[in-house]
Trainee: 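Just dropping this structure here.
In this text the structure is predicted, and so the values were computed from the model without any measurement. Each chain gets a letter, A, B and so on, in the order the sequences are listed, and its residues count up from 1.
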There are 2 protein chains.
Amino acid sequence: MATAPEQDLPYDVFSRACPSRATLEHVTGRWGSLTLGALYEGSLRFNELRRRVDGVSEKMLSQTLHALERDGLVHREAQPTNPPRVDYELTPLGREVAERLLALIRSVEGRMDDVLAARRRYDEARPEESPSP
Amino acid sequence: MATAPEQDLPYDVFSRACPSRATLEHVTGRWGSLTLGALYEGSLRFNELRRRVDGVSEKMLSQTLHALERDGLVHREAQPTNPPRVDYELTPLGREVAERLLALIRSVEGRMDDVLAARRRYDEARPEESPSP
DNA sequence: CCGTATCCCTCACGATACTG
DNA sequence: CAGTATCGTGAGGGATACGG
């Protein structure tokens with residue numbers, strides 16, 4: 001089980017300099033992951049998205065969407081109507097990534113009982129390391 | 001394609017208060033994701049891990065490992081030898097999660113050319129909004 | 001309705017030093 | 001080797017106000 005000789009993939013997220021690390025951070029980031037997850041169900045408007053992703057600020061949502069659009073994961077469709085209407089939806093690339101992401105999210109959600117149990121065990125074993133001098 | 005009526009899962013990462021959101025952040029966080037990814041190949045010692053996850057500081061690695069251990073994703077095996085030897089490895093739960101995570105990482109790595117192309121297109125379309133007064 | 005601009009503050013993080 | 005302790009910084013992110 002020594003480190004397998006790593007196929008020489010052109011992009012390696014483990015190295016600090018690789019651009020894939022930045023994209024991975026957009027995708028897995030606090031708001032990026034939830035945004036992609038929300039859009040997987042279908043296209044949404046700005047404020048719909050904002051309501052769906054509980055807790056996100058306008059600023060962060062805007063910023064997140066820009067990053068995802070720039071990376072080619074999200075498509076922005078603005079209609080020049082009045083009042084303005086803008087829809088966001090996943091690109092095919094975005095769908096592909098979001099699919100993996102959703103699998104991860106569901107996996108975590110589905111095993112939360114185990115996680116919570118593990119936490120309780122961990123915390124009990126270390127009631128506190130209170131320095132008692 | 002309206003929002004499907006959401007099976008009433010007990011844990012919903014989209015709501016701010018759900019504990020699953022915290023765990024998702026441990027898993028997808030900058031260092032959490034890389035740490036889980038590295039451990040997927042096999043158990044590693046602290047400094048091996050540190051070298052594998054390019055750029056992580058001692059402090060952040062330590063902190064990350066604690067969070068993952070507490071969530072029951074990583075097991076810490078300390079041997080009371082001298083010099084001390086501590087191995088970290090994924091728990092079965094950790095393996096399950098890391099598997100999904102790795103699928104995501106590989107997906108991103110494998111599509112980086114498309115991402116980079118999208119970025120170039122995006123940046124060209126907006127050379128810069130330099131205010132030129 | 002759909003954002004961008006500004007202010008401001010927290011806390012995540014890195015650097016450094018030290019212990020078992 | 002395997003960490004903990006302490007401190008300083010700046011980027012991340014919330015609140016608010018304003019523009020198209």
Trainee: Spell out protein contact along nucleotides 9-20 of chain C as letters: B when the base is contacted, S when just the sugar-phosphate is, - when no protein heavy atom is under 4.0 Å; keep the 5' to 3' order.
Mentor: ----BBB-B--B
Trainee: Any side-chain donor paired with an acceptor under 3.5 Å for B:Tyr11 and A:Asp113?
Mentor: yes
Trainee: How many whole angstroms separate atom OH of B:Tyr88 from atom C1' of D:dC1?
Mentor: 11 Å
Trainee: Report yes or no: does A:Glu99 contribute a side-chain atom to a donor-acceptor pair with the main-chain N or O of A:Glu96 at less than 3.5 Å?
Mentor: no
Trainee: Angle between the end axes of the helix from C:dC1-D:dG20 to C:dG20-D:dC1, five pairs per end, to the nearest 10 degrees?
Mentor: 50°
Trainee: Respond yes when some side-chain nitrogen or oxygen of A:Ser62 is under 4.0 Å from OP1 or OP2 of C:dT4, and no when none is.
Mentor: yes
Trainee: So is B:Arg45 actually on top of B:Tyr88's ring, under 6.0 Å and inside 45° of the axis?
Mentor: no
Trainee: Starting from C1' on D:dA5, measure out to NE2 on B:His66 and report it in whole angstrom.
Mentor: 13 Å
Trainee: So, does A:Arg45 get its side chain near the phosphate of C:dC2, meaning an N or O under 4.0 Å from OP1 or OP2?
Mentor: yes
Trainee: Just how far, in rounded Å, is C1' of C:dG3 from CZ of A:Arg50?
Mentor: 11 Å
Trainee: Provide, to the nearest angstrom, the distance between the CZ atom belonging to B:Arg76 and the P atom belonging to D:dC1.
Mentor: 16 Å
Trainee: Compare every heavy atom of B:Leu102 with every heavy atom of B:Tyr40, then report the nearest pair and how far apart it is.
Mentor: CB-CD2, 4.1 Å
Trainee: To the nearest angstrom, how far is A:Glu48 atom CD from C:dG3 atom P?
Mentor: 12 Å
Trainee: Separation of A:Asn47 atom CG from C:dG3 atom C1', in whole Å?
Mentor: 9 Å
Trainee: Please state how far atom CD in A:Glu77 lies from atom C1' in C:dC2, giving the value in whole angstrom units.
Mentor: 15 Å
Trainee: Say you draw a straight line from CD of B:Glu25 to OG of A:Ser33; how long is it, rounded to the nearest 0.5 Å?
Mentor: 7.5 Å
Trainee: B:Arg16 CZ to D:dG13 P: how many Å, rounded?
Mentor: 15 Å
Trainee: Are the side chain of B:Thr91 and the backbone N or O of B:His75 linked by a donor-acceptor pair below 3.5 Å?
Mentor: no
Trainee: Please evaluate residues A:Arg120 and A:Asp123 with respect to the criterion salt bridge (charged side-chain N to carboxylate O under 4.0 Å, His left out), reporting the C-alpha separation (whole Å), side-chain torsions for both, the decisive distance (0.1 Å), and the verdict.
Mentor: CA-CA 5 Å; A:Arg120 256 176 275 113; A:Asp123 292 343; over 6 Å; no
Trainee: I need the single residue from A:Val86, A:Leu68, A:Leu65 that forms a side-chain contact (heavy atoms from CB on, under 4.5 Å) with A:Arg76. Which is it?
Mentor: A:Val86
Trainee: Ion pair present between A:Asp54 and A:Arg52, side-chain N to carboxylate O less than 4.0 angstrom?
Mentor: no
